[in-house]
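These notes concern the structure reproduced below.
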Amino acid sequence: MNKHFVLAILSLVLGMLACQTKEQRQVKIKTQLPVLGFKDLNEQGDTLYHTIPDFAFMDQDSMLVTPATFEGKVYVADFFFTSCPTICPRMKAQMLRLYEHFKDEPRVAFLSHSIDPEYDQVPVLKAYAEKLEISASRWHLVTGDKTEIYSIAKSYFENAAEDPNEPGGFIHSGAFYLVDTQRRIRGYYNGVDPAEVDQLMADIQVLLHEDQSAQ
Amino acid sequence: MKTKAPNKHVKTSLYFVWPLAILGLFLLLRALLQGGSGGGEVGQNLYNLHCMNCHQEDGKGVRGLVPPLAGADYLQTQRQELPCIIKYGLKGKIVVNGREFDHPMPPNLQLSEAQVYNIIRYIQNSWGNEMQAMSLAEVKAALRQCDPSAAK
């Protein structure tokens with residue numbers, strides 16, 4: 001009797017787990033997104049969240065891109081390089097999906113950092129942007145000081161590095177990072193997995209709604 | 001009464017075994033049938049591994065950055081070049097379906113002749129492409145022509 005009981009509970013739990021893993025493939029409609037990164041308390045006892053620090057990079061139109069560029073906007077950030085022989089075109093194809101999906105939503109922007117700034121100078125980024133048919137008003141491909149780029153990558157918890165043993169000479173994760181209007185990271189997604197990019201699409205909507213109700 | 005109980009137990013557990021056995025048989029048959037269809041899946045796996053990141057799952061490429069393979073006139077007009085493009089990459093301006101492309105495609109030096117052949121078969125017969133098949137002999141001959149170590 002006891003054994004059967006245990007078995008029944010076990011199969012129930014297993015069944016529930018199975019259902020859950022199945023569900024993970026589908027887009028989850030969330031009402032709230034977490035704030036990622038370490039939290040701290042200030043002297044008043046308010047929670048201090050991890051935020052993206054100040055930066056200044058040059059985009060494909062030679063415009064300086066700073067946090068002010070994204071004021072009042074949520075943005076999706078990633079790391080790439082134009083001569084990338086591996087996952088970058090795939091990431092860009094997925095980013096293009098987002099870019100097209102939110103084309104009528106001025107509160108959504110995109111920021112792609114080159115981790116090969118020596119080669120990826122403004123004219124190279126300009127040519128790349130033209131091939132992707134993207135506008136610098138919504139999607140910034142940026143280059144800049146190498147140490148600054150690698151240090152901003154760390155603040156996204158991105159593992160970018162120069163590595164002569166890797167195809168193309170650099171490693172990076174292929175992740176897309178979702179940043180809110182207060183420069184906080186609210187999610188990260190595998191940029192080569194269409195299902196995760198679908199989830200990101202839904203999560204952007206959650207952030208837009210959050211900002212609307214905060215006003 | 002007591003002697004019958006274990007028997008009954010065996011029977012009920014068989015109910016679990018049968019559907020599993022049938023499922024296993026079905027999976028085995030399917031695997032055998034697919035293996036028999038010849039190279040298609042091998043070519044697809046190679047494509048997914050070496051080409052899909054750029055040319056995409058649907059073979060449509062990425063806008064003006066990566067040219068399409070699906071419905072690409074280039075595959076017909078430059079048919080003889082395909083093995084060399086796949087193995088040694090491609091640089092410089094090209095025109096595919098009337099559109100200009102100019103972004104380097106990296107080489108895939110690790111691919112064997114047979115792998116190049118399988119990939120070509122796959123791209124010649126996917127996404128609606130229906131092209132005159134290239135033979136393994138043709139692939140070998142083409143690769144010999146563009147092999148940089150043989151050119152010396």
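In what follows, every chain begins at residue 1, and chains take the letters A, B, ... in the order their sequences are listed.
Inter-residue side-chain proximity for Lys131(A) and Phe101(B) is flagged as unmet; no heavy-atom pair is nearer than 4.5 Å.
Summarising the geometry of Pro89(A) relative to Val66(B), their closest heavy-atom pair is CB-CG2, 4.3 Å, with the distance given to 0.1 Å. The shortest non-hydrogen separation linking Thr86(A) to Cys54(B) is O-SG, 4.4 Å. Nearest heavy atoms, Glu133(A) versus Gly64(B): OE2-N, 4.2 Å. The two atoms that bring Ala93(A) and Gln56(B) nearest to each other are CB-OE1, 3.4 Å, heavy atoms only.
For Lys154(A), the NZ atom counts as loosely surrounded, since its 6.0 Å shell holds 12 or fewer non-hydrogen atoms of other residues, nucleotides or ligands. Atom NZ of Lys30(A) sits in a crowded spot, with more than 12 heavy atoms from other residues, nucleotides or ligands closer than 6.0 Å. Environment of OH in Tyr188(A): sparse, with no more than 12 heavy atoms of neighbouring residues, nucleotides or ligands closer than 6.0 Å. The environment of OH in Tyr119(A) is sparse: at most 12 heavy-atom neighbours from other residues, nucleotides or ligands sit within 6.0 Å. For Gln110(B), the CD atom sits in a packed shell: over 12 heavy atoms of surrounding residues, nucleotides or ligands are nearer than 6.0 Å. The local environment of CE in Met134(B) is crowded, with over 12 non-hydrogen atoms from other residues, nucleotides or ligands closer than 6.0 Å.
Chain A forms more heavy-atom pairs under 4.5 Å with one residue of Arg99(B), Glu100(B), Glu57(B), Met105(B) than with any other, namely Arg99(B).
For Cys88(A), the disulfide (SG to SG under 2.5 Å) test picks out Cys84(A), with sequence neighbours left out.
One distance of note links CG of Leu65(B) with CD of Glu130(A); it measures 12.5 Å at 0.5 Å rounding.
Checking side-chain atoms of His103(B) against main-chain N and O of Thr82(A) turns up a donor-acceptor pair under 3.5 Å. The backbone N or O of Leu132(A) sits less than 3.5 Å from a side-chain atom of Arg63(B), completing a donor-acceptor pair.
Looking at His50(B), there are no atoms closer than 4.5 Å to chain A (heavy atoms on both sides), in backbone or side chain.
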